[in-house]
Amino acid sequence: MQDKIIDLLSKANGYVSGQDISKKLGVSRQAIWKYINALKKSGYVIDSVTNRGYRLVSLPNYLNSESISRFLKTKIIGQNLIVLDSVGSTNDYLKKLGNEGCPNGTVVAAREQTKGKGRLGRAWQTKKDDGITFSILLRPSLAPGEVSAITPLVGLAVCKAIREYTHLDCMIKWPNDIIIGKKKLVGILTEMSAEFDAVEYIITGIGINVNHTMFPEEISHKATSILLETGKRIDSNEFFACVLKYIEDELIKTEFKLSEDIVDEYTQICATVGKNVAFQRGACTVNGIAAGIESNGELKVMLSDGSVCLVNSGEVTVQGIY
Ligand code: BTN
């Protein structure tokens with residue numbers, strides 16, 4: 001009911017009387033008054049004037065679908081948009097919707113994640129309204145072997161959106177962390193449901209640290225947020241809509257492929273290339289210099305004996321970063 005009231009008020013040009021709202025929505029004026037008070041408590045600014053009614057003055061700054069939709073300029077991604085107050089993991093929630101046949105481009109965002117998942121079995125918890133945590137479901141006509149470009153393309157798009165919106169000098173730590181200096185700002189976890197020869201859907205889950213003022217002790221040396229870096233609170237809804245637009249444009253423009261130009265663009269803002277790196281091969285730690293990115297997104301590493309090793313997943317430690 002609260003959604004319907006906001007929808008009605010946001011479409012109105014000025015005040016709407018309690019009587020009109022109650023007639024249109026089929027509930028008593030007393031009930032409308034209660035819903036309006038609940039909305040005010042949750043951050044909506046609504047002007048109420050006797051004999052005139054109610055007028056929506058502003059929407060809350062926390063993630064909400066009405067505000068996001070106002071800013072959203074995409075054609076596909078986020079046209080089916082669900083914003084939850086709290087969820088275990090947006091990836092898991094969207095997986096269920098994916099199995100039920102939700103459309104290409106469906107986005108699930110949450111103000112809080114209680115069982116958020118990171119890469120390599122790690123956790124990605126988000127306290128209410130600290131981060132922008134969301135997942136996008138894509139149904140590309142690709143074979144499972146052709147999807148490797150999606151994560152770097154999404155990483156590139158998110159990095160460009162943050163640079164444009166915040167003017168922060170963020171970079172990509174291969175494969176898809178976004179960092180500022182030595183600290184992580186964004187993590188991306190991509191999961192896939194596929195048959196032998198066709199992808200059913202891909203879910204790309206993205207966590208952006210936005211309003212954190214501190215992090216748990218164990219990660220505080222290697223995590224940061226937009227607020228910590230800029231000292232300013234951004235409009236989360238406008239920024240989120242901007243991120244979705246960048247992702248859609250990148251995926252449409254590239255048709256899910258890493259062309260030479262895109263690899264060049266990625267390399268320019270990749271903090272890994274040119275640095276000493278270390279990664280695990282079985283039980284051994286391998287050291288080398290990151291020499292570049294391959295056309296399938298793999299990291300090319302030059303080893304000390306002159307041989308070249310291609311890394312396609314896992315954790316790569318970059319000297320001087322993490
Ligand atoms: C990582 O860097 O380890 C990846 C972190 C991915 C976190 C995001 S938050 C939204 C989505 N839902 C999840 O459970 N995880 C991803």
Side-chain angles (χ1 to χ4, degrees), residues 62-63 68 77-78 81-99 102 105-138 150-159 161-162 170-180 182-193 201-212 215-216 218-226 236 239-240 243-244 247 270-272 279-280 297 299 311-318 321-322:
Y62 60 74
L63 281 189
I68 299 162
I77 291 183
L81 172 68
I82 297 157
V83 183
L84 303 166
D85 266 356
S86 179
V87 74
S89 151
T90 53
N91 269 31
D92 289 348
Y93 189 95
L94 191 49
K95 226 177 271 174
K96 284 197 194 114
L97 299 185
N99 293 336
C102 72
T106 296
V107 171
V108 172
R111 293 176 58 194
E112 171 190 59
Q113 269 195 152
T114 53
K115 283 194 184 126
K117 302 184 302 182
R119 289 177 67 233
L120 309 170
R122 296 182 189 130
W124 187 279
Q125 310 294 47
T126 327
K127 272 204 336 226
K128 209 156 210 167
D129 303 323
D130 264 2
I132 296 185
T133 47
F134 66 105
S135 304
I136 305 172
L137 182 134
L138 299 165
I150 291 185
T151 313
L153 289 172
V154 169
L156 180 62
V158 176
C159 192
I162 297 172
C170 52
M171 299 195 82
I172 303 171
K173 177 178 174 281
W174 186 91
N176 43 48
D177 285 358
I178 295 172
I179 58 168
I180 296 183
K182 298 175 180 180
K183 294 184 170 182
K184 179 159 164 171
L185 185 70
V186 178
I188 302 178
L189 173 69
T190 300
E191 301 182 272
M192 170 167 77
S193 167
Y201 60 76
I202 287 176
I203 291 177
T204 300
I206 301 158
I208 309 178
N209 298 335
V210 179
N211 291 321
H212 301 64
F215 287 89
E218 59 285 9
I219 58 165
S220 62
H221 62 289
K222 57 174 185 177
T224 191
S225 71
I226 292 178
S236 299
F239 171 63
F240 182 38
V243 170
L244 293 181
I247 295 173
C270 179
T272 309
F279 57 93
Q280 287 300 123
L299 182 71
V311 188
N312 60 14
S313 63
E315 184 84 330
V316 171
T317 311
V318 181
I321 304 182
Y322 60 83

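One-based numbering, in listed order, for ligands and for the atoms of each. Hydrogens, waters and symmetry mates are skipped; everything else that's a heavy atom, side chains included, is used.
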_Option among I206, L153, T204, V107 that satisfies the side-chain contact (heavy atoms from CB on, under 4.5 Å) test with I247_ = I206
*Can you see which heavy atom on V210 is nearest to which on S236, and at what distance?*
CG1-OG, 4.4 Å
_Checking F279 now: which residues fulfil ring pair (Phe, Tyr, Trp, His ring centres under 6.0 Å) with it, not counting sequence neighbours?_
none
Any protein N/O atoms within less than 3.5 Å of an N/O atom in ligand 1? List the atom names and distances, or say none.
unit_1	atom_1	unit_2	atom_2	d
ligand 1	2 (O)	K184	NZ	2.6
ligand 1	3 (O)	R119	N	2.6
ligand 1	12 (N)	T90	OG1	3.0
ligand 1	12 (N)	Q113	OE1	2.9
ligand 1	14 (O)	S89	OG	2.8
ligand 1	14 (O)	Q113	OE1	3.4
ligand 1	14 (O)	K117	N	2.7
ligand 1	15 (N)	K117	O	2.7

*What pairs with K173 under salt bridge (Lys or Arg N to Asp or Glu O under 4.0 Å), at least two apart in sequence or on another chain?*
none
*Would you please say whether a donor-acceptor pair under 3.5 Å links the side chains of T190 and T151?*
yes
*asked:* Restricting to ring pair (Phe, Tyr, Trp, His ring centres under 6.0 Å), what partner residues turn up for F239, sequence neighbours left out?
replied: Y165
